[in-house]
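Residues take their numbers from the sequence shown, with the count starting at 1. Because the structure is a prediction, the values reported are computed rather than measured.
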Amino acid sequence: MVATLLSIFSQFSSEVMSNTERTFIMVKPDGVHRGLVGEIMKRFENRGYKLVAIKCMQASEEHLKNHYADLSSKSFLGGLVKYMASGPVVPMVWEGADVVKQGRKMLGETDPLKSLPGTIRGDYCVQVGRNICHGSDAVESAQKEIKLWFKDEELTSWTPCANDWVYE
């Protein structure tokens, strides 16, 4: 009985606390222009998450329409795509335990005025149209977004030397 419970707990623990979950975070043109890329990266690194991919690029409107396909029926999509194509963006992939959910918490609410101080948007934004960054809202959307923005060979696999100090 005890062995069975330990086996179940071990399986549950490794599934829930896996430090290989990945999320997609992108610094939008306003964040790039304001020089906040390093600050955003610093917050994820300080939290103990591992950077596995990053690039600076100018996204095409077509690429952005694919990224925001779930918003295709929204009236603001045209303006959002035009804005996102107006300057460089910095897409990134971060890895770690519960990184999708925790990454969203670190970013704050989509509307910066509803974001708490201490969150990225709460500390650096005032308008929803200039909210500095995008973060995946679910593991499934993270997987889709990562594939849209990065080729498999652009994703690195490595173990930070501090890994044992972050994870039990």
Side-chain angles (χ1 to χ4, degrees), residues 13-14 16-60 63-64 67-68 71 80-81 83-168:
S13 177
S14 66
V16 172
M17 298 306 290
S18 170
N19 62 353
T20 60
E21 182 178 287
R22 289 182 171 176
T23 195
F24 177 79
I25 302 291
M26 179 169 50
V27 181
K28 296 178 179 181
D30 57 318
V32 175
H33 280 282
R34 292 179 56 199
L36 295 172
V37 175
E39 177 62 31
I40 293 166
M41 291 176 66
K42 179 181 175 184
R43 290 190 184 208
F44 278 83
E45 286 180 329
N46 285 347
R47 179 72 188 240
Y49 292 128
K50 176 174 74 171
L51 181 65
V52 297
I54 185 171
K55 57 185 162 184
C56 184
M57 63 182 285
Q58 184 80 33
S60 70
H63 191 87
L64 291 161
H67 177 81
Y68 290 113
L71 302 176
L80 174 62
V81 167
Y83 162 69
M84 290 294 294
S86 71
V89 295
V90 177
M92 299 177 273
V93 179
W94 291 90
E95 185 177 282
D98 204 29
V99 69
V100 173
K101 181 179 173 185
Q102 297 308 317
R104 292 284 289 193
K105 285 183 182 179
M106 291 168 63
L107 296 182
E109 298 291 325
T110 301
D111 180 350
L113 295 178
K114 296 177 183 173
S115 293
L116 296 173
T119 64
I120 292 166
R121 291 177 178 145
D123 289 349
Y124 299 111
C125 310
V126 293
Q127 289 189 318
V128 72
R130 300 292 184 264
N131 67 2
I132 295 181
C133 44
H134 165 85
S136 300
D137 60 2
V139 172
E140 297 77 23
S141 59
Q143 292 167 346
K144 177 183 161 250
E145 291 169 347
I146 291 167
K147 284 184 182 184
L148 180 64
W149 291 88
F150 291 94
K151 298 173 186 161
D152 285 341
E153 60 270 11
E154 293 177 299
L155 301 171
T156 60
S157 180
W158 61 288
T159 302
C161 61
N163 198 60
D164 291 342
W165 298 107
V166 174
Y167 297 103
E168 294 179 24

**Student:** Only pairs under 3.5 Å count here: list side-chain donor-acceptor contacts from residues 89-97, not counting sequence neighbours, and write none if there are none.
**Tutor:**
from	atom 1	to	atom 2	distance (Å)
Glu95	OE1	Arg22	NE	2.7
Glu95	OE1	Arg22	NH2	3.1
Glu95	OE2	Lys50	NZ	2.9

**Student:** Quick one: are Arg121 and Thr110 in side-chain contact, heavy atoms under 4.5 Å?
**Tutor:**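 In short, these two side chains touch, coming nearer than 4.5 Å.
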**Student:** What's the shortest heavy-atom distance between Ser136 and Arg104, and which atoms?
**Tutor:**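 So the minimum-distance heavy-atom pair works out to O-CD, 3.0 Å.
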**Student:** Any side-chain donor-acceptor pair under 3.5 Å between Ser141 and Asp137?
**Tutor:**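 The criterion, which ignores hydrogens and geometry beyond distance, is satisfied for Asp137 and Ser141.
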**Student:** If I compare all heavy atoms of Glu154 with all of Ala53, which pair ends up nearest, and what's the gap?
**Tutor:**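 Scanning both residues completely, I find the closest heavy atoms to be O-CB, 3.6 Å.
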**Student:** Check whether more than 12 heavy atoms from other residues, nucleotides or ligands sit under 6.0 Å from atom CG of Asp152, and answer yes or no.
**Tutor:**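 No, because the 6.0 Å sphere around CG of Asp152 holds 12 heavy atoms or fewer from other groups.
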**Student:** How long is the gap from CG on Asn131 to CG on Asp111, to the nearest 0.5 Å?
**Tutor:**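 Between atom CG of Asn131 and atom CG of Asp111 there are 8.5 Å.
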**Student:** Any chance you could measure Met57, atom CE, to Met26, atom CE, to the nearest 0.5 Å?
**Tutor:**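 Here the interatomic distance stands at 9.0 Å.
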**Student:** Are any non-hydrogen side-chain atoms of Ile25 and Leu107 less than 4.5 angstrom apart?
**Tutor:**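 In contact.
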**Student:** More than 12 foreign heavy atoms under 6.0 Å from CD of Glu168: is that the case here?
**Tutor:**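 12 or below, so no.
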**Student:** If you measure from CG on Leu36 to CZ on Arg43, what distance do you get to the nearest 0.5 Å?
**Tutor:**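 So the gap between those two atoms works out to 9.5 Å.
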**Student:** Tell me the closest heavy-atom pair linking Ser115 and Gly108, and the distance in Å.
**Tutor:**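 Of all heavy-atom pairs spanning Ser115 and Gly108, the closest is OG-C, 3.5 Å.
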**Student:** Calculate, to the nearest 0.5 Å, the distance between atoms CG and CG belonging to Leu71 and Leu64 respectively.
**Tutor:**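 Reported to 0.5 Å precision, the distance equals 11.5 Å.
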**Student:** Please say whether more than 12 non-hydrogen atoms of neighbouring residues, nucleotides or ligands are located less than 6.0 Å from CH2 in Trp158.
**Tutor:**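 Yes, because the 6.0 Å sphere around CH2 of Trp158 holds more than 12 heavy atoms from other groups.
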**Student:** Counting only heavy atoms from other residues, nucleotides and ligands, does the tally under 6.0 Å from NZ of Lys144 exceed 12?
**Tutor:**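 Yes, because the 6.0 Å sphere around NZ of Lys144 holds more than 12 heavy atoms from other groups.
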**Student:** Residues in ring pair (Phe, Tyr, Trp, His ring centres under 6.0 Å) with His134, at least two apart?
**Tutor:**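 Residues passing ring pair (Phe, Tyr, Trp, His ring centres under 6.0 Å) with His134: Phe24, His67.
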**Student:** May I ask you to test the Val166-Asn19 pair for a side-chain heavy-atom distance under 4.5 Å?
**Tutor:**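 They are not in contact (no side-chain heavy atoms under 4.5 Å apart), so the answer is no.
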**Student:** Less than 4.5 Å apart, side chain to side chain, heavy atoms only: is that true for Phe44 and Ile120?
**Tutor:**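 Side-chain contact under 4.5 Å: yes.
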**Student:** Determine the minimum heavy-atom distance between Met41 and Leu51, stating which atoms define it.
**Tutor:**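 The answer is CE-CD2, 3.6 Å.
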**Student:** Is it true that, when you exclude Lys55 itself, more than 12 heavy atoms of the residues, nucleotides or ligands shown sit nearer than 6.0 Å to its NZ?
**Tutor:**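 Yes.
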**Student:** Judged by atom type as modelled, is there a donor-acceptor pair below 3.5 Å linking the side chain of Thr119 to the main-chain atoms of Met106?
**Tutor:**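 No; zero donor-acceptor contacts below 3.5 Å.
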**Student:** Does any non-hydrogen side-chain atom of His63 lie less than 4.5 Å from one of Leu148?
**Tutor:**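 Yes, their side chains come closer than 4.5 Å.
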**Student:** Would you check if Gln143 and Lys147 make a side-chain contact, meaning some heavy-atom pair closer than 4.5 Å?
**Tutor:**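 The answer is no, as the side chains (C-beta and beyond) never meet within the 4.5 Å cut-off.
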**Student:** List the atom of Tyr83, the atom of Arg130, and the distance in Å for their closest heavy-atom pair.
**Tutor:**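 So the minimum-distance heavy-atom pair works out to CD1-NH1, 3.3 Å.
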**Student:** Considering non-hydrogen atoms only, spot the tightest contact between Asp123 and Gly118 and give its length.
**Tutor:**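 Closest approach of Asp123 to Gly118: OD1-N, 2.8 Å.
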